[in-house]
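Reading through the structure tokens given below for one structure.
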Amino acid sequence: MATSFSPFTTSIIGSWPRTKEILIAQRKLRKGQMEQSDFDDLIERETARIIKIQDDLGLDVIVSGELSRDNYSSFVADRIGGVSMMSMDDIVDYIDDKKAFEDILSILDVPAISITNAICTGKLEYHPIAVNELKLLKKYTDKPVKITLPGPYLLTRSMWIPKLSKQGYASKEELGKDVVKILEQEIDNLQKLGVDIIQFDEPVLTEVVFTEGKPRSFMCAALSERKDPTEELEFAKSLIKPVLEHIDRSKSIASMQVCRGNWSNDESILLTGPYTPLLDLFENVSAEMLTLEFSTPRAGEISSLLGDEKISKDHIIGLGVENPRLHEAESTDFIVGKAKEALKYIPKERLFLNPDCGFATFSNRPVNKEEFIINKIKSLVDASHQLQAEYK
Amino acid sequence: MEKRYLNSANNYDIEFRAISTDGKKVKIRTDKVSYSVDEEMSFDIANDVLTSVDHFTGGIASGMISAINRYDQKHDGIIDQIEGKFTFHLSNPLTYLDVRGYDETPHVSALDLQLYLVSFNEADELEQVYQEAMKNSIVYQTIKDTIKIEHKIKVVL
């Protein structure tokens, strides 16, 4: 039986900044200097703490914080067979536009060795991906819970480097078929345990439509053999739709999260543009919920998305009302104002509130700090309560 | 043929031949390998052949990083990985290009180095490793009085 949610349900997107202890433990584990059981104990302790923070602050849906992951996507290298973790230093030889890559490293002031990607180097083999995160969530909270997973298009595109991946697959289309199967198995396992929202992250979609033929390698590994945006979006649809359709809607909400990149605190270098070029995809991938960023002017007008009847009539909108990269908490007035804009197009029952994106998409480059995040959650929850009182 | 030998307790000599027969390329021949260098310096952004200056600056970069590795491994071994972003400043390039009105000596005048050190240790400890490593770096000690070197260390977990 699916959980019923109140109007203006609140949650954060998924990732939470790791403590220094976790970052050190991640490296030690990778180097074989730490026992897996000790690492797991640390992750459980910290996850329990973060769950309690969310619970105490009054969020409606709780997330794990993705603490064991090195980043939102590449962590699958540790979970799926046939996938290798590679640093951008390893991958850059396969990237066409090396200068663009260097420019991004310079802007971020990060070394290539610190950016990791999961690359397909053989036949994929399923092992549980986020099942342990869900078990921890179920152990430490009775509230509804959300599991976040990298989407099938993101995984397929970022894992595909022909020279390496052809050891397992003749084409990225063939790889995509197995990515879909892997995610379907994961969905089955998550739903067996009980999960209220399954959210697939697909940030590369905005790279496809907003970068005018020059996708930034940083966000999406190589994006090699990239076709024109129309073909790419068709390919994306062919992967995302079967995965979202596989989610049993009587048990969980099927959500897709699409942002414009969350890798820098410098807003001027992040992508800009309304979701309009993605409307056709949004309408046709069977997402029950669209979790989208709307807190910054970069995202365009809410009307550009919700003015589309198919979107406004058929979907729950997880409205991004907070910029995860800003330390200062948004005012409740700001959040309420954003929600009221959306309410012109969708009923309150289908309006959820959340930040635009995660707070620590990349474990070693969080975009915010816990002390500020707590204030942002307070604003989010206060705004939700205010809206619930006003729209009883 | 290259010769490498200690000719006294205080000296070690490195000899090799450099040969140019076509008025352009220079072949470096050592006892193990030989390689060709096309020109001293190229300003063509499409150039994909290593020049003398590329070898020179690359040698400085690799020498400094190797010196850090060497020192660290002989001591506490606190550095996991090293990545450096090297920016060399070339003064008076127009003289090199024979542009009229320019006659100041062209030379590599400065190096800005951003060092990323993957380590569990604190920045001040890593700075100490860098300083000690440079004291025993042949490359660093050779260039430090002619090239102004500024460095910053960023610790990466």
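Quick note on labels: first sequence line is chain A, next is B, and so on, each numbered from 1.
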- Over 12 non-hydrogen atoms of neighbours within 6.0 angstrom of CD in Glu21(A): no

- Side-chain touch Arg27(A)/Leu157(B), heavy atoms, less than 4.5 angstrom: no

- Item | Nearest heavy atoms of Phe120(B) and Lys20(A), plus distance in Å | O-NZ, 4.5 Å

- Residue among Lys85(B), Gln81(B), Gln114(B), Glu83(B) satisfying side chain to side chain contact (heavy atoms under 4.5 Å, CB included) with Pro111(A): Glu83(B)

- Item | Atom CD of Glu371(A) with >12 non-hydrogen neighbours under 6.0 angstrom | yes

- Item | Structural part of Asp89(A) lying under 4.5 Å from a heavy atom of chain B | neither

- Message: Just checking Asp41(A): does its CG atom have more than 12 heavy atoms from other residues, nucleotides or ligands closer to it than 6.0 angstrom?
- Response: yes

- Any chance CD1 of Ile138(B) has more than 12 other-residue heavy atoms, nucleotides or ligands included, within less than 6.0 Å? no

- In this structure, are over 12 heavy atoms from other groups packed under 6.0 Å from Glu35(A) atom CD? no

- Message: I'd like to know which of Ile82(B), Val156(B), Asp80(B) tops the heavy-atom pair count under 4.5 Å against chain A.
- Response: Asp80(B)

- Query: Taking everything shown except Glu150(B) itself, do over 12 heavy atoms lie less than 6.0 Å from its CD?
  - Reply: no

- Under a 4.5 Å heavy-atom cut-off, does chain B meet the side chain of Lys31(A), its backbone, both or neither? side chain

- chain B heavy atoms under 4.5 Å from Gln26(A): which part of the residue, side chain, backbone, both or neither? neither

- Message: Quick check against the 3.5 Å criterion: does Lys154(B) have a side-chain atom that pairs as donor or acceptor with the backbone of Asp109(A)?
- Response: yes

